[in-house]
Asks: 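Below you'll find the structure I mean.
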Protein chains: 2
Amino acid sequence: MIEKLSSEQRATQIAQLDGWQNVEGRDAIKRQFKFADFNEAFGFMTRVAIKAQEMDHHPEWFNVYSNVEITLSTHDANGITERDIRLARFIDEIAAGK
Amino acid sequence: MIEKLSSEQRATQIAQLDGWQNVEGRDAIKRQFKFADFNEAFGFMTRVAIKAQEMDHHPEWFNVYSNVEITLSTHDANGITERDIRLARFIDEIAAGK
């Protein structure tokens, strides 16, 4: 079973990500994304979906038109693990157009 | 500009849909969907996304793993219009495997 990051590891890792914030009242992180339109937003979601499936680690996410909000947490560990950080890093890269 | 359905039209149309409910505090309707897994859930979302783009009428939606919640409303009309009903009907059909 995968283990939660320690508070220190967690803070260090999150600081290296791009704009992820702690979710109030939950051990989870979230980030909001704004795209040009729905095509771009859903294209981004599709890239994340394929990666998530490959990692067997899935986001919680909300979309309306060009806006996407993604929440990451590892349910099995009841908190943030290395898997969340890896998925967040991938998401940051494609959001930045890399 | 597209017009809101009257209360009577709205009630009649919603009654013909499959499991859509009024959203409390908003002039919108929502339905929850449960799939076998993420692949099936996101495949469903992709079919809805393509239809939504074709109609130029987009859902608000939330997904976590095999669960999808869709909210429909027409922002331009500040309520439920024929467009929401048409999109809901399409969603019901593909959710039923038609």
Asks: Can you tell me if CD on B:Gln53 sees more than 12 non-hydrogen neighbours from other groups inside 6.0 Å?
Replies: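 Yes, CD of B:Gln53 has more than 12 neighbouring heavy atoms, counting only those of other groups under 6.0 Å.
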
Asks: Count I, L, V, M, F, W, Y as connected when their side-chain heavy atoms are under 4.5 Å apart, and connections chain through other members. Are A:Val48 and A:Met55 then in the same cluster?
Replies: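 The answer is yes; both residues are in one hydrophobic cluster.
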
Asks: Do B:Leu72 and B:Ile94 belong to the same hydrophobic cluster, where Ile, Leu, Val, Met, Phe, Trp and Tyr are linked whenever their side-chain heavy atoms lie under 4.5 Å apart, directly or via other members?
Replies: yes

Asks: What option among B:Ile50, B:Asn67, B:Thr71, B:Thr46 has the most heavy-atom pairs under 4.5 Å with chain A?
Replies: B:Thr46

Asks: Establish whether A:Val23 and A:Val68 are linked, either directly or via other cluster members, by ILVMFWY side-chain heavy-atom contacts under 4.5 Å.
Replies: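 No, no single cluster joins them.
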
Asks: Which residues in residues 31-44 of chain B have any heavy atom closer than 4.5 Å to a heavy atom of chain A?
Replies: B:Phe38, B:Asn39, B:Phe42

Asks: When only pairs under 4.5 Å are counted, which of B:Tyr65, B:Trp61, B:Phe62 shares the most heavy-atom pairs with chain A?
Replies: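 Of the candidates given, the most pairs with chain A belong to B:Trp61.
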
Asks: Let's test your reading of the structure: which of A:His58, A:Glu60, A:Met45 forms the most heavy-atom pairs below 4.5 Å with chain B?
Replies: A:His58

